[in-house]
**Q** 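Sharing a structure with you now.
Atoms within each ligand, like the ligands themselves, are counted from 1 in listed order.
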Amino acid sequence: LIIAPVVQPPPEFYTLASTHAAMSAGRFQGQGYRFVRRWYRWCWNATSQKYRSIDGTCNNVRNLGAAFTAVPRLLPPEYADGVDAPRQFGKDGLPLPSARNVSLHLHPCEAEYTFNSLMVMQWGQWVIHDLSAIPISTGPNGAIQCCGDKGEAPPFINQRNCFPIEIPTDDYDFNFRCMEFVRSMALTNEFGITEKPRTQINIVTSFIDASQIYGSLPTQERNLRDVVNNTNPLCILKTFGHSALPQSPIQNCVLRPNTSDYCQLAGDIRVNEQPGLGVMHTLFVREHNRIAQEFSRLLSNASEERIFQLTRKVVAAYQQIINYNEYLPEVLGRDAYVKKLASKRGRTAYNPDVDPSILNEFSTAAFRFGHSTIPEALSFFDRMTKLRYLLHRPTECLEHYDQVLAGLIGVVDKPYRQALKKVDRNFVHEVSKFLFEAKNPNRTGLDLISLNIQRGRDHGLAPYVKYRAYCGLSPVKDFNDTHVLGPHVRDLQKVYRSIDDIDLFTGLLYEPSVGLSAIGPTLKCLLGIQFYRIKYGDRFFFDTEDESIGFNDEQLEALRNTSLAKIICHNSALKEVPLNVFRLPSTNNPLYSCEQLRSESLDFTLFV
Ligand code: HEM
Ligand SMILES: [Ca+2]
């Protein structure tokens with residue numbers, strides 16, 4: 001696409017100039033990179049596209065939902081100065097409680113469990129990495145440091161890039177008073193001046209299009225494909241020793257220097273964060289290569305490119321089918337709305353007026369609900385290992401692929417079989433005290449809950465009560481309103497001075513679950529809106545009415561017959577799995593032999 005001169009087009013025409021810099025290291029840390037708002041031309045060639053573009057451009061004719069675009073909002077931001085400074089004052093004009101205070105006093109770790117498997121947690125993280133990655137600011141030398149060298153709060157904080165978290169003096173979990181927090185990168189104009197109001201950027205495609213497998217930039221996709229003579233990309237994705245993820249040229253992910261650990265390469269740079277996530281990446285790279293080989297056999301005269309795109313289309317369809325038909329019903333419940341949102345029959349009518357972009361509220365608060373389901377440990381057949389020892393240690397995934405996979409779906413002996421934690425205000429200490437502890441020189445960790453709350457304030461997200469109102473739900477009366485905010489509502493008063501100050505993330509997790517769902521009503525409303533938008537606003541949704549870019553009826557039926565259980569059987573050494581891998585095995589969800597499930601494989605001849 002050609003970048004047109006920036007004039008003053010209406011905001012929905014805006015899209016960003018893409019860059020590679022922000023992808024290069026760590027948590028999207030480039031070298032003083034700036035995102036400048038530019039205006040892409042209207043997408044004239046949309047109707048001639050047969051396959052999705054890698055960066056999501058031209059899916060929507062205004063390029064909404066493409067990678068490197070501005071993150072829109074449901075409600076206007078509430079920055080302290082109206083345009084840029086983080087939300088940091090309460091209704092009474094006094095400072096809000098520190099994010100760490102909220103975490104420490106309002107998010108304990110009293111776990112209750114469900115009958116779901118850990119796969120619900122894992123799929124959540126897997127799918128969000130398809131949808132959203134919001135980069136943080138960088139300085140001329142790369143990473144920015146906001147706290148002093150000894151973990152002390154600096155005397156002056158420049159809030160353009162920094163918003164460190166104050167650790168209260170009575171907080172004995174940390175022996176320092178300042179938790180690192182760099183603000184999310186802001187869109188700037190051509191002169192480097194931050195746009196007002198401050199706007200964040202999503203560097204991956206908003207669609208469920210398997211961008212965490214194939215990348216969100218053409219250069220990324222090229223690096224992930226096997227090549228002949230350094231030039232011709234094949235239909236196969238690169239692997240290490242046939243079935244593991246390839247090695248990344250950048251080896252900065254490892255927390256355990258001087259070991260055999262190596263950083264894995266995938267379409268999303270967060271792949272090395274924990275072994276369960278690495279296992280999902282490995283699973284789908286194996287599935288891609290399995291399907292590509294079948295297509296190559298059947299279509300011996302077809303080009304490598306055609307086979308690659310056909311395979312990518314099938315793998316992306318799998319992501320949508322599993323997400324809408326298997327995962328979402330477990331989280332949202334099985335009511336009429338969720339049944340309609342699922343795509344078990346019929347076709348989806350694309351609506352170009354639906355904006356498929358990932359919403360700020362969704363990625364910065366709502367979909368982080370999954371952090372409450374993170375377990376204390378992962379199981380490896382005959383042992384449990386605490387999460388703090390598994391973060392950023394990719395070899396755990398490489399060497400224990402089948403074990404970790406079996407643990408995620410509960411196909412391990414009883415003592416090691418784990419149920420999913422309930423979605424509620426509780427979090428394990430592994431993420432609220434010990435997050436990435438080994439990366440920190442004085443071996444003290446971060447607190448993911450504080451980061452989530454601070455991130456919401458960084459982005460100027462309006463407080464919880466406004467979203468409750470947006471969703472048309474009854475208002476919260478006061479700090480005794482157990483009906484709206486559950487049995488622990490009174491605790492909120494220990495930290496917040498007004499119900500109008502409650503941060504969105506915290507409010508969503510205090511609401512008791514509704515009906516058959518695992519979550520509260522405002523959270524359900526926000527997730528429902530987002531998953532509606534990325535279904536009806538995706539021109540390439542797998543069961544689109546437009547057969548020229550989708551599938552015919554026979555192909556659709558075959559695709560819908562697939563399940564995550566079958567994909568696991570095809571690509572692992574597991575012998576038995578339950579049909580619904582999002583629930584623990586039980587008499588209602590008995591084990592089936594993988595041999596049998598493999599025999600129900602996709603009929604590839606339908607696609608050629
Ligand atoms: C062991 C598992 C996980 C770890 C260690 C982890 C860690 C993190 C970290 C460190 C961040 C960045 C926080 C910030 O500075 O703002 C983050 C972002 C996020 N996480 Fe997780 N996470 C995990 C699992 C999950 C799960 C299960 C979900 C949802 C079901 C989830 C949803 C999100 C979302 C939506 C974001 C924001 C992404 C963006 O737009 O940039 N995470 N996570
Ligand atoms: Ca995507």
**Q** Could you list the atoms of ligand 1 found under 4.0 angstrom from a heavy atom of I128?
**A** 32 (C), 34 (C), 35 (C)
**Q** Taking only residues two or more places apart in sequence or in another chain, which ones pass ring pair (Phe, Tyr, Trp, His ring centres under 6.0 Å) with H400?
**A** F380
**Q** Quick one: name the protein N/O/S atoms under 3.0 Å from the Ca ion (ligand 2), chain by chain.
**A** D130 O, D130 OD1, T205 O, T205 OG1, F207 O, D209 OD1, S211 OG
**Q** Under the rule for ring pair (Phe, Tyr, Trp, His ring centres under 6.0 Å), what residues qualify as partners of Y318, not counting sequence neighbours?
**A** none
**Q** Could you pull out, from R270, Q454, R455, Q274, the option with a heavy atom nearest to atom 38 (C) of ligand 1?
**A** R270
**Q** Please indicate whether any nitrogen or oxygen in F362 is less than 3.5 Å from any nitrogen or oxygen in ligand 1.
**A** no
**Q** Does L448 have a non-hydrogen atom less than 4.0 Å from ligand 1?
**A** yes
**Q** Heavy-atom contacts under 4.0 Å between S132 and ligand 1: side chain, backbone, both, or neither?
**A** both
**Q** Indicate whether any N or O donor in one side chain lies under 3.5 Å from an N or O acceptor in the other, for Y350 and R539.
**A** no
**Q** Hey, are E376 and K386 close enough for a salt bridge, meaning a charged N less than 4.0 Å from a carboxylate O?
**A** yes
**Q** Check whether any side-chain heavy atom of K421 sits under 4.5 Å from a side-chain heavy atom of P375, and report yes or no.
**A** no
**Q** Counting only heavy atoms closer than 4.0 Å, does ligand 1 sit against the backbone of Q122, its side chain, both, or neither?
**A** neither
**Q** Are R225 and F308 in a cation-pi contact, defined as NZ or CZ under 6.0 Å from the six-membered ring centre and within 45° of the axis?
**A** yes
**Q** Going by atom types only, do D130 and S211 share a side-chain donor-acceptor pair under 3.5 Å?
**A** yes
**Q** Taking atom 21 (Fe) of ligand 1 as the reference point, name the nearest N/O/S atom of H371.
**A** NE2
**Q** Looking only at side-chain N and O atoms, does Q274 offer a donor or acceptor that is under 3.5 Å from a partner on Q122?
**A** yes
**Q** Identify, with sequence neighbours excluded, every residue that meets disulfide (SG to SG under 2.5 Å) alongside C471.
**A** C525
**Q** Any nitrogen or oxygen of R368 lying under 3.5 Å from a nitrogen or oxygen in ligand 1? Just yes or no.
**A** yes
**Q** Under a 4.5 Å cut-off applied to non-hydrogen side-chain atoms, are H288 and Y214 in contact?
**A** yes
